[in-house]
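What you see is a predicted model; the values in this text were computed from it and never measured.
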Amino acid sequence: MIYILAGRVLQFLVGVAMVKTMTTLLPPTEVGKYSLASAAIAFFAMLFVNPVGMLINRKAHLWLSNGLIAPRLYIYSICLLILALITAPIIFLITGIFQIGAEEEQFKFVMVYTVSILFGTLVQTFIPTMNLLGKDKAFAVFSVGFALMNLACSYVVVWLNQPTALFWLTGLAISQIVFCLLSGWFFFKLFKLRSSLEQIVQAVPNAKQLQWAISFSAPVAITALLGWLHFQGYRFLISDSAGLQEFGLFAAGYGLAASLLAAVEQILGAWFQPRFYAQASSELVAEQRNAWVVYIDSILPIATLAACTIAISSINLVPLFLGPAFSNATPYVAVGVFAELGRIYLGAFMLRGHQLMKTNILISPTLIAVLVAALLLLPAQTQANLSWVPICLFIGALAGCFVIYRKNFAESNKQIAFNKILLGAAYVLLLEVILTVLKVDTTTQSIATNLIWLLVKALLVLPVLVWLLRAHLPNITWKGR
């Protein structure tokens with residue numbers, strides 16, 4: 001566990017450095033284009049790749065034991081290549097319609113997309129599977145190495161050419177190719193895998209296996225598609241009305257807030273998810289029923305406290321972690337963090353479906369979350385200021401959580417401790433009120449002063465964090481999986 005936690009912390013630091021580097025090199029309009037291109041790539045990845053990836057996670061141990069993992073990964077690679085080639089024309093049209101690239105750049109964007117779907121997906125398969133199969137040291141090293149390679153390649157390519165979204169994505173594509181080959185070679189060597197053409201042919205799923213795979217993956221694909229519509233699809237809706245300049249400021253501010261809170265989520269997940277899955281698989285019925293609620297009580301109060309702290313610290317975060325051209329992105333950091341908090345809330349509540357092994361029950365709450373967010377977004381899409389967008393996404397996520405809660409809370413012997421969530425948020429709000437009443441101005445461009453203010457606010461929040469963690473500290477283990 002210590003290697004995974006250390007790796008997550010280092011990934012977070014590299015991620016923050018990447019945001020700073022990108023917003024220093026690229027102007028807001030190009031950051032906006034990058035956000036749209038990333039969303040387009042994520043659409044196909046979440047709809048087609050993510051469900052199969054979850055299936056691989058479920059079957060990795062079995063395939064390793066019966067010798068099928070190598071031929072199945074070869075088949076997976078072929079399917080990814082076919083997917084990339086079939087969907088490439090759609091990416092070509094999207095880049096033209098939403099002005100992501102000039103006419104002469106559209107084909108280059110398609111090439112970057114193809115590399116991302118094939119090589120990027122394989123990297124994100126090899127590295128996590130190492131951890132899944134018990135090689136946490138290798139997982140940590142390759143995760144951090146991949147993040148560093150992404151940063152280095154993007155910086156060098158942009159520096160040698162022009163500060164555009166296309167060249168930043170080209171750097172990422174080069175990194176994906178290099179690390180796909182490196183991690184794939186190490187993965188096969190680590191587990192001593194071999195595969196012949198005959199084995200690959202024999203490993204092709206039969207009709208019954210395909211039917212089972214589709215029945216497992218289809219609900220996951222639908223849920224992933226709805227999740228994309230909720231937390232990424234809106235970008236195409238608002239980018240045109242707000243303009244790429246304002247949208248670029250929004251994307252940078254929201255992206256910074258999301259990366260900070262996502263890092264908190266990953267660290268909490270490294271601590272608490274193993275306990276959740278252990279309790280969900282327990283032979284004791286009471287533990288099974290309560291696993292979902294215990295996980296929510298563990299992660300959501302701390303995530304809420306972190307989100308509120310990021311919101312009140314946004315004025316100090318922007319000068320530190322964004323480039324000079326993004327000084328007006330402070331409001332988007334402050335409100336953007338709540339959209340990411342909504343994603344964490346919805347993800348935690350949706351674990352109920354995975355606990356019950358009934359992924360189809362997740363479709364209706366996710367659909368409701370999307371509809372509520374869309375109904376709030378559509379009337380206001382013509383506004384130039386985009387601060388309302390994350391709030392709409394957050395309210396939509398809460399609506400989805402409410403549906404899951406109403407359907408499932410009666411089956412648990414333990415109630416969700418909403419008071420802890422509200423108490424943490426109220427405490428941070430009180431701090432902000434006190435600073436306002438005392439007319440304490442924390443606005444500054446000095447790096448040292450901003451760091452001091454962040455430290456002061458962190459120390460003020462620390463007692464509440466310790467109080468929230470106190471009930472869980474005896475259960476935290478540093479033993480490797």
Show the numbers, then the answer: is there a side chain to side chain contact (heavy atoms under 4.5 Å, CB included) between Leu346 and His230?
CA-CA 11 Å; Leu346 193 57; His230 188 176; 4.2 Å; yes
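- Taking Tyr295 as the reference, Phe276 meet the ring pair (Phe, Tyr, Trp, His ring centres under 6.0 Å) condition, with sequence neighbours excluded.
- Ring geometry for Tyr113 versus Phe44: interplanar angle over 60°, hence perpendicular rather than tilted (30 to 60°).
- More than 12 heavy atoms of other residues, nucleotides or ligands lie within 6.0 Å of CZ in Phe188, so this atom counts as buried by the packing criterion.
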Show me, pair by pair, the donor-acceptor contacts under 3.5 angstrom made by side chains of residues 310-317, not counting sequence neighbours?
unit_1	atom_1	unit_2	atom_2	d
Ser313	OG	Thr309	O	2.7
Ser314	OG	Ala311	O	3.0
Asn316	OD1	Lys457	NZ	2.9
Asn316	ND2	Thr442	O	2.9
Asn316	ND2	Asn450	OD1	3.0

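- Taking a 6.0 Å sphere around CG of Leu93, one finds it holds more than 12 heavy atoms contributed by other residues, nucleotides or ligands.
- Qualifying side-chain hydrogen bond (donor to acceptor under 3.5 Å, both in side chains) partners for Tyr254, counting only residues two or more places apart in sequence or in other chains: none.
- Using a 30° and 60° split on the angle between ring planes, Tyr234 and Phe250 fall in the perpendicular class, above 60°.
- Applying the salt bridge (Lys or Arg N to Asp or Glu O under 4.0 Å) definition to pairs two or more places apart or across chains, those involving residues 336-349 are Glu265-Arg343, Glu340-Arg343.
- Note on ring orientation: taking the six-membered ring where Trp is involved, the planes of Tyr34 and Trp168 are perpendicular (angle over 60°, cut-offs 30° and 60°).
- Summarising the local packing, CZ of Phe191 is surrounded by more than 12 heavy atoms from other residues, nucleotides or ligands at distances under 6.0 Å.
- Going from atom CD1 of Ile56 over to atom CD1 of Ile69 covers 8.0 Å, rounded to the nearest 0.5 Å.
- Taken from CG in Leu10 to CG in Leu148, the straight-line distance is 8.0 Å, to the nearest 0.5 Å.
- For the pair Leu300 and Ala348, the tightest heavy-atom approach, listed with the atom from each and the gap, is CD2-CB, 4.0 Å.
- Residues satisfying the side-chain contact (heavy atoms from CB on, under 4.5 Å) test with Ala263, not counting sequence neighbours, are Phe12.
- Aromatic ring centres of Phe92 and Phe107 lie farther apart than the 6.0 Å criterion allows.
- A donor-acceptor contact shorter than 3.5 Å is absent between the side chain of Thr23 and the backbone of Leu322.
- Thr121 and Tyr76 share no side-chain donor-acceptor pair at under 3.5 Å.
- In plain terms, the two heavy atoms of Phe326 and Ala252 that are nearest each other are CD2-CB, 3.5 Å.
- Residues satisfying the side-chain contact (heavy atoms from CB on, under 4.5 Å) test with Leu430, not counting sequence neighbours, are Ile434.
- Lys108 has no carboxylate O lying under 4.0 Å from a charged side-chain N of Glu105, or vice versa, which leaves the two without a salt bridge.
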